[in-house]
Amino acid sequence: MEKTWRWFGPNDKITLGMLRQIGVEGIVTALHHIPNGEIWSSEEIEKLKSMIEAHGMRWSVVESLPVSESIKYAGPDRDRLIENYKVSLANLGKAGVKTICYNFMPVLDWARTELEYPNPDGTSNLYFNRAEFAYFDIHILKRPGARDSWDQETLERMEQLAAGMTSEKEARLVENIVIKTQGFVSGNFSEGDLNPVGKFRELLALYEGVDKDRLRENLKYFLEAIMPVCNEYDINMCVHPDDPPMAVFGLPRIVTCDEDIAWFLDAVPDQHNGLTFCAGSLSAGAHNDVVALARKYAQRTHFVHARICTVLPNGDFRESTHLDPRLVEVVRTFETERPGVPMRVDHAPLMLGDDKIGYNAGYSFHGRMLALGMVGGIMAAVNAEKTK
Ligand code: DNO
């Protein structure tokens, strides 16, 4: 696989020069300054591309070319936004940037409740506490009918939590679930939002009446509309699985399991309609056998996210080590079946002072560098076995 790294552009505290030194071959990035739905011009694309190439690397993957909410819920302006998307894709294709990661998660991108959960070794990591998430849903968002979405065990844990809740803890939950995890990946929220919960409710309202089937149809509509451009420029679209792979806040999610993946691949049976194999997101659902999924979908995978989660008996989940035996098998699968596919690590621990720098959540420097070294080591071992 090609060793890539998610870099957040010229304002990233990690420089391209640093990445070159640690063995990164390709960059995963986006035109972060362009609002969702607007066209990425050839000029802006070329500017960023030259910057990357001047450091001896290539722009391997766009993560993300965001799909506007209106395309997801089929708003009145979706066709105009799809046309804009097609122009951006063509401009990327002309520049030779041909792997595009996107997601089709309504309102909320990835979700975590804790960003610095302490590990026994002094590092910290991301953590998803199911009871805290339910607390946010029921007591902060106050979503009508929210209780019905949660199982009895989680509700009991949530009640215990509610007994010791303070306004500071509530503010931290809002910050973690909405601001810090969404701010840098989704155009829906930003650091400066004064009323993130209100904004959240407005976005949720847009999806009234959109169930799983409707959302699937909207994804199919979008993919069918853009496939001609993808064919013309040989662009691979790679949907990111839903993280966590379950319905949240009453919103449907459609890339959560084997059946979902099979559905969207079959619905638009074109090789350019593919998957970002995020082993981390898929493994956050106890229903997924991530190694079996990697083997099954390797040929339709155009981008790999190498990380893995452990689901605890109560439904919480945490990020596991990049040397987890399941990840070793996932890496082996892609290194064997899809040798040149771009791969990046993420959600590595905060360590050795990472916590003082203010990196985007999940995107530390030392933690990711160590993780990339681990995954690189697995790749080297797989290749050494092959030549025996
Ligand atoms: C989180 C990321 C996601 C991902 C998007 C792709 O760390 O994996 O935010 O970039 O869902 O569109």
Side-chain angles (χ1 to χ4, degrees), residues 1-36 38-66 85 87-103 184-187 229-230 233-238 240 272 274 276-278 301-307 334 338-348 354 357-360 362-373 375-376 379:
M1 292 184 283
E2 180 187 33
K3 289 179 194 144
T4 67
W5 183 280
R6 190 174 193 185
W7 176 69
F8 292 98
N11 295 333
D12 197 322
K13 297 187 174 75
I14 300 163
T15 64
L16 291 169
M18 289 160 78
L19 298 181
R20 187 77 200 282
Q21 290 195 24
I22 63 169
V24 171
E25 297 156 340
I27 294 297
V28 175
T29 192
L31 296 180
H32 287 284
H33 57 290
I34 299 190
N36 284 7
E38 285 184 20
I39 290 173
W40 289 18
S41 70
S42 293
E43 198 190 347
E44 289 292 322
I45 293 169
E46 286 298 340
K47 229 196 282 173
L48 192 60
K49 187 179 171 228
S50 322
M51 204 182 288
I52 295 167
E53 287 174 356
H55 287 85
M57 293 172 288
R58 72 169 192 127
W59 185 354
S60 308
V61 180
V62 171
E63 179 171 356
S64 302
L65 181 55
Y85 203 96
V87 177
S88 298
L89 281 180
N91 291 344
L92 285 161
K94 284 177 205 155
V97 184
K98 297 183 175 203
T99 304
I100 315 293
C101 172
Y102 69 102
N103 74 69
F184 70 100
V185 289
S186 129
V229 183
C230 296
Y233 294 98
D234 194 22
I235 289 175
N236 286 326
M237 293 299 296
C238 325
H240 188 284
H272 295 109
T276 293
F277 196 93
C278 178
T301 294
H302 304 305
F303 183 28
V304 174
H305 284 183
R307 67 176 179 87
F334 288 109
R338 303 283 282 111
V341 78
M343 174 280 303
R344 71 165 180 83
V345 297
D346 67 353
H347 299 193
D354 280 333
I357 315 274
Y359 295 123
N360 288 330
Y363 292 88
S364 63
F365 181 62
H366 292 119
R368 271 194 294 166
M369 177 168 69
L370 181 62
L372 183 64
V375 174
M379 284 162 55

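Start at 1 with the first residue, then count along the sequence.
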Report all side-chain donor-acceptor pairs from residues 91-101 shorter than 3.5 Å, counting only partners two or more places apart or in another chain.
from, atom 1, to, atom 2, distance (Å)
N91, OD1, S42, OG, 3.4
N91, ND2, W40, O, 2.9
K98, NZ, Y233, O, 3.1

| field | Verdict with supporting geometry, H302 and R338, side chain to side chain contact (heavy atoms under 4.5 Å, CB included) | value | CA-CA 8 Å; H302 304 305; R338 303 283 282 111; 3.3 Å; yes

| task | I would like to know whether Y102 and L65 meet side chain to side chain contact (heavy atoms under 4.5 Å, CB included); could you show each step before the answer? | result | CA-CA 6 Å; Y102 69 102; L65 181 55; 5.6 Å; no

| note | Nearest heavy-atom contact between N36 and P66 is OD1-CG, 3.3 Å

| task | Please identify each residue that fulfils side-chain hydrogen bond (donor to acceptor under 3.5 Å, both in side chains) with N360, with sequence neighbours left out. | result | none

| Residues that D346 engages under side-chain hydrogen bond (donor to acceptor under 3.5 Å, both in side chains), provided they are two or more places apart | R307, R344, Y363

| Set of residues satisfying salt bridge (charged side-chain N to carboxylate O under 4.0 Å, His left out) with respect to E38, sequence neighbours excluded | none

| message | Just verifying a value: how many Å separate I357 CD1 and S364 OG, rounded to the nearest 0.5 Å? | response | 10.5 Å

| message | Could you work out, with ring-ring contact (aromatic ring centres under 6.0 Å, His included) as the rule, every residue matching H305, not counting sequence neighbours? | response | H240, F303

| Shortest non-hydrogen contact between V375 and A306, atoms and distance | CG2-CB, 4.2 Å

| remark: Hits for salt bridge (charged side-chain N to carboxylate O under 4.0 Å, His left out) against E53, two or more places apart or cross-chain, chain-then-number order -> K49

Side-chain polar contacts of residues 17-28 - donor-acceptor pairs under 3.5 angstrom, sequence neighbours left out - could you list them?
from, atom 1, to, atom 2, distance (Å)
R20, NH1, H55, O, 3.4
E25, OE1, K3, N, 2.8

| message | Within the structure provided, determine whether L372 and M343 are in side-chain contact (heavy-atom separation under 4.5 Å). | response | yes

| query | Can you tell me how far the OG atom of S88 sits from the CG atom of L31, to the nearest 0.5 Å? | reply | 8.5 Å

| task | Might you work through the side chain to side chain contact (heavy atoms under 4.5 Å, CB included) test for D12 and T29, ending with a clear yes or no? | result | CA-CA 11 Å; D12 197 322; T29 192; over 6 Å; no

| task | Please list, chain by chain and in numerical order, all residues satisfying ring-ring contact (aromatic ring centres under 6.0 Å, His included) with F334, sequence neighbours excluded. | result | F277

| remark: For P10, the side chain to side chain contact (heavy atoms under 4.5 Å, CB included) test, sequence neighbours excluded, returns W7, L48, M51

| query | Between I45 and E43, does a side chain to side chain contact (heavy atoms under 4.5 Å, CB included) hold up when you go through it step by step? | reply | CA-CA 5 Å; I45 293 169; E43 198 190 347; over 6 Å; no

| request: Using side-chain hydrogen bond (donor to acceptor under 3.5 Å, both in side chains) as the criterion, list what pairs up with Y85, not counting sequence neighbours. | output: none

| message | My understanding is that only residues two or more places apart in sequence, or in another chain, count here; which of them pass side-chain hydrogen bond (donor to acceptor under 3.5 Å, both in side chains) with T4? | response | none

| request: Spell out, as yes or no, whether a donor-acceptor pair under 3.5 Å connects the side chain of T276 to the backbone of C238. | output: yes

| request: Supply the atom-to-atom distance N103 CG to S64 OG, rounded to the nearest 0.5 angstrom. | output: 6.0 Å

| said: Is the distance between the ring centroids of F8 and F184 under 6.0 Å? | reply: yes

| field | Heavy-atom side-chain proximity of H272 to I235 below 4.5 angstrom | value | no

| message | Is the shortest side-chain heavy-atom distance between M1 and P339 below 4.5 Å? | response | no

| Any side-chain donor near an acceptor of the partner, R368 and H347, under 3.5 Å | no

| field | salt bridge (charged side-chain N to carboxylate O under 4.0 Å, His left out) partners of R6, counting only residues at least two apart | value | E63

